[in-house]
Student: 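Following this message is one structure expressed as structure tokens.
Along the sequence shown, residues are numbered consecutively beginning with 1. Predicted, not measured: the structure shown is a model, and the values here were computed from it.
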Amino acid sequence: MTIQTAAELGLQSCHHCGTVWRDAVEGEPCGRCATHLHRRKPQSLQRTWAFLIAACIMYVPANLLPVMITKSLLGTQYDTILSGVIYFWVSGAYGLAAIIFIASFLVPLFKLTALILLAVLAQRHSSWRQPERARLYQALEVIGRWSMLDVFVVSLLAGLVRIQGFAEISAGVGIGAFGAVVVLTMMASLSFDPRLTWDTEDMMEDEEPQPRMASKEQVV
């Protein structure tokens with residue numbers, strides 16, 4: 001049994017509102033939201049790589065520079081993400097240390113590695129483990145929201161602990177770099193078109209330009 005693709009059936013969906021159209025022309029405006037229709041996101045891989053490279057660059061200072069500065073009567077303490085994890089672990093707060101380590105160190109690293117893998121395989125039109133790659137992208141969409149845990153914690157502490165002359169907590173330079181990593185990986189995920197996962201070399205060779213249609217019909 002041969003499974004036909006949406007393109008073979010003359011179907012095309014709008015990236016903005018999700019409306020599916022039959023016999024739509026590439027670049028034609030959507031009848032609902034006026035967004036230009038494309039079978040794939042324009043320049044998806046180029047934009048994804050740009051965001052990924054920037055995120056990888058910012059990942060280094062995000063882990064090396066202090067994310068939180070604590071000033072007290074005992075002096076000034078500069079804490080990075082990993083030093084905070086070590087502090088909580090030594091203090092016996094194993095659960096909190098594990099949460100911060102996973103959400104603030106492993107999750108961004110996992111997102112970067114997974115997106116690079118998806119982009120490389122999509123660029124090569126590889127057919128290797130396509131269903132697993134599609135599920136991997138779905139997993140990235142789910143876990144991505146937990147990457148901002150450190151930013152929320154530092155922002156909360158900086159707003160609450162403001163006792164002049166006794167204790168004062170402020171955000172360090174590292175928290176800005178960490179926030180940039182989260183935003184850049186989010187933009188890379190949004191720029192990547194998951195449908196590129198299913199574009200193999202054979203499909204690209206057999207693909208022919210679609211003839212221009214006089215009109216399009218909305219598919220409910």
Side-chain angles (χ1 to χ4, degrees), residues 48-121 128-129 131-192 194 197:
T48 301
W49 277 118
F51 288 125
L52 282 176
I53 293 173
C56 291
I57 294 174
M58 297 303 297
Y59 187 77
V60 177
N63 287 278
L64 296 180
L65 297 178
V67 298
M68 186 171 65
I69 303 174
T70 306
K71 297 180 181 179
S72 64
L73 296 176
L74 302 178
T76 303
Q77 180 176 344
Y78 300 88
D79 291 304
T80 62
I81 294 176
L82 292 180
S83 68
V85 171
I86 295 173
Y87 172 79
F88 285 118
W89 185 268
V90 173
S91 302
Y94 304 115
L96 185 57
I99 291 174
I100 295 177
F101 179 74
I102 293 172
S104 301
F105 183 80
L106 288 185
V107 168
L109 183 61
F110 172 74
K111 286 192 67 176
L112 284 173
T113 305
L115 284 170
I116 290 174
L117 175 65
L118 291 175
V120 169
L121 294 177
W128 180 76
R129 294 187 177 273
E132 289 79 3
R133 286 156 56 191
R135 286 194 287 269
L136 176 60
Y137 180 80
Q138 294 174 351
L140 291 177
E141 294 292 293
V142 174
I143 67 174
R145 67 193 68 178
W146 300 103
S147 302
M148 292 290 284
L149 179 62
D150 256 20
V151 179
F152 292 147
V153 171
V154 173
S155 300
L156 181 63
L157 291 176
L160 292 177
V161 184
R162 287 285 180 177
I163 306 176
Q164 293 293 336
F166 180 73
E168 184 177 348
I169 294 180
S170 58
V173 180
I175 202 65
F178 182 81
V181 172
V182 174
V183 173
L184 288 169
T185 52
M186 187 185 305
M187 296 299 295
S189 180
L190 292 173
S191 299
F192 180 76
T197 300

Student: Compare all side-chain heavy atoms of Leu140 with those of Phe110 and state whether any distance is below 4.5 angstrom.
Tutor: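 Side chain of Leu140 against side chain of Phe110, heavy atoms only: contact under 4.5 Å found.
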
Student: So, taking the atom named CH2 in Trp128 and the one named CZ in Arg133, what distance separates them when rounded to the nearest 0.5 Å?
Tutor: 8.0 Å

Student: Where is the tightest heavy-atom contact between Ala97 and Val85, given as atom of each residue plus distance?
Tutor: CB-O, 3.6 Å

Student: Nearest heavy-atom pair of Phe105 and Leu82: which atoms, and what distance?
Tutor: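 Closest approach of Phe105 to Leu82: CD1-CD2, 4.0 Å.
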
Student: Could you check whether any side-chain heavy atom of Leu64 comes within less than 4.5 Å of a side-chain heavy atom of Thr80, counting everything from C-beta outward?
Tutor: no

Student: CG/Leu52 to CG/Leu118 distance, rounded to the nearest 0.5 angstrom?
Tutor: 9.5 Å

Student: Write down the atom of Ile81, the atom of Val67, and the distance for their closest heavy-atom approach.
Tutor: CG1-CG1, 3.9 Å

Student: To the nearest 0.5 Å, tell me how far Thr48 OG1 sits from Ile53 CD1.
Tutor: 11.0 Å

Student: For Ile116 versus Cys56, what's the shortest heavy-atom pair and its separation?
Tutor: CD1-SG, 4.1 Å

Student: How far apart are the closest heavy atoms of Met58 and Ala180, and which atoms are they?
Tutor: CE-CB, 4.1 Å

Student: Heavy atoms only: give me the nearest Tyr137-Ser189 pair and the separation to one decimal.
Tutor: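 Scanning both residues completely, I find the closest heavy atoms to be OH-O, 2.8 Å.
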
Student: Are any of the side-chain heavy atoms of Val120 and Trp49 separated by less than 4.5 Å?
Tutor: yes

Student: If you define the side chain from C-beta out and look only at heavy atoms, does anything of Ser83 sit under 4.5 Å from Tyr78?
Tutor: no

